[in-house]
Peer 1: 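The structure's right below; bear with me while I get my questions together.
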Amino acid sequence: MPRPAGHPTIAEAFSALTDALGTTTPSCAGDDRFTCDDGPVEPLVTICKACPLLGPCRDVALAAYAGPIFGVVGGMVRRTSGKRSDLGRSS
Ligand code: SF4
C-alpha cells in the first residue's frame with residue numbers, strides 16, 4: 001500500500017512515537033482490554049481519542065499497516081479481515 005502524501009515514513013513515525021513515549025504515558029497503558037480479542041471496541045476508541053499520543057500512535061498505525069490484525073490502535077479499529085474502520089477519527 002503506498003504511503004499517502006504528507007504522511008511520515010514508518011521510520012519517522014516510530015521515531016516520533018518513541019520520543020513521545022519517553023515523556024508521556026499512553027492512555028492504554030495497563031489496560032488489558034486493548035489486548036483482548038473480544039469485548040466492545042467503542043470504549044477503547046473513546047480512550048484513544050483522549051490519549052495524548054493519539055497523533056503519533058495513529059501515524060505508526062497508518063504507516064505500518066500491512067496486513068490482517070485485530071484491535072484498537074490510534075483511535076482506529078482493525079478487523080481480522082485486514083479491513084480497517086475508523087470509529088473515532090478526531091480530525
Ligand atoms: S492512541 Fe495509541 S497509545 Fe493512545 S490509547 Fe490508543 S492505542 Fe494506546
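As the structure lists them, so they are numbered: ligands from 1, and atoms in each ligand from 1.
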Peer 1: Just which atoms of ligand 1 are under 4.0 Å from any heavy atom in Pro26?
Peer 2: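 Those of ligand 1 that fall under 4.0 Å from Pro26 are 3 (S).
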Peer 1: Using a strict 4.0 Å cut-off to heavy atoms of Leu54, name the atoms of ligand 1 that fall inside it.
Peer 2: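 Under 4.0 Å from Leu54, ligand 1 has these atoms: 1 (S).
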Peer 1: What residue and atom, counting heavy atoms only, is the protein's closest point to atom 6 (Fe) of ligand 1, and at what distance?
Peer 2: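 Checking every protein heavy atom, the shortest distance to atom 6 (Fe) of ligand 1 gives Cys48 SG, 2.3 Å.
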Peer 1: So, taking the atom named CG in Leu54 and the one named NZ in Lys49, what distance separates them when rounded to the nearest 0.5 Å?
Peer 2: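 Reported value, rounded in 0.5 Å steps: 9.5 Å.
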Peer 1: Taking 4.0 angstrom as the limit and counting only heavy atoms of Val73, give me the atoms of ligand 1 inside it, by number and element.
Peer 2: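 In order of numbering, the contacting atoms are 7 (S).
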Peer 1: Any non-hydrogen side-chain atom of Val45 less than 4.5 Å from a side-chain atom of Met76?
Peer 2: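 They are not in contact (no side-chain heavy atoms under 4.5 Å apart), so the answer is no.
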Peer 1: Under a 4.5 Å side-chain heavy-atom rule over Ile, Leu, Val, Met, Phe, Trp and Tyr, are Val73 and Ile47 clustered together?
Peer 2: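 Val73 and Ile47: separate clusters.
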Peer 1: Would you check if Phe34 and Cys48 make a side-chain contact, meaning some heavy-atom pair closer than 4.5 Å?
Peer 2: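 Phe34 reaches Cys48 side chain to side chain.
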Peer 1: Tell me, which protein residue and heavy-atom name are nearest atom 4 (Fe) of ligand 1, and how many Å apart are they?
Peer 2: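 Result for atom 4 (Fe) of ligand 1: Cys51 SG, 2.4 Å.
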Peer 1: Return the closest protein heavy atom for atom 8 (Fe) of ligand 1 as residue, atom name and distance.
Peer 2: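 Its nearest protein heavy-atom neighbour is Cys28 SG, 2.3 Å.
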Peer 1: Distance check, rounded to the nearest 0.5 Å: Cys36 atom SG versus Leu44 atom CG?
Peer 2: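 If we round to the nearest 0.5 Å, Cys36:SG and Leu44:CG are 9.0 Å apart.
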Peer 1: What atoms of ligand 1 come closer than 4.0 angstrom to any heavy atom of Gly74?
Peer 2: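 Those of ligand 1 that fall under 4.0 Å from Gly74 are 1 (S), 2 (Fe), 6 (Fe), 7 (S).
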Peer 1: Report yes if the side chains of Leu53 and Leu21 come closer than 4.5 Å at any heavy-atom pair, otherwise no.
Peer 2: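 Leu53 vs Leu21: side chains touch.
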Peer 1: Indicate if the distance from atom 2 (Fe) of ligand 1 to the nearest N, O or S atom of Cys57 falls below 2.8 Å.
Peer 2: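 Yes, within the cut-off.
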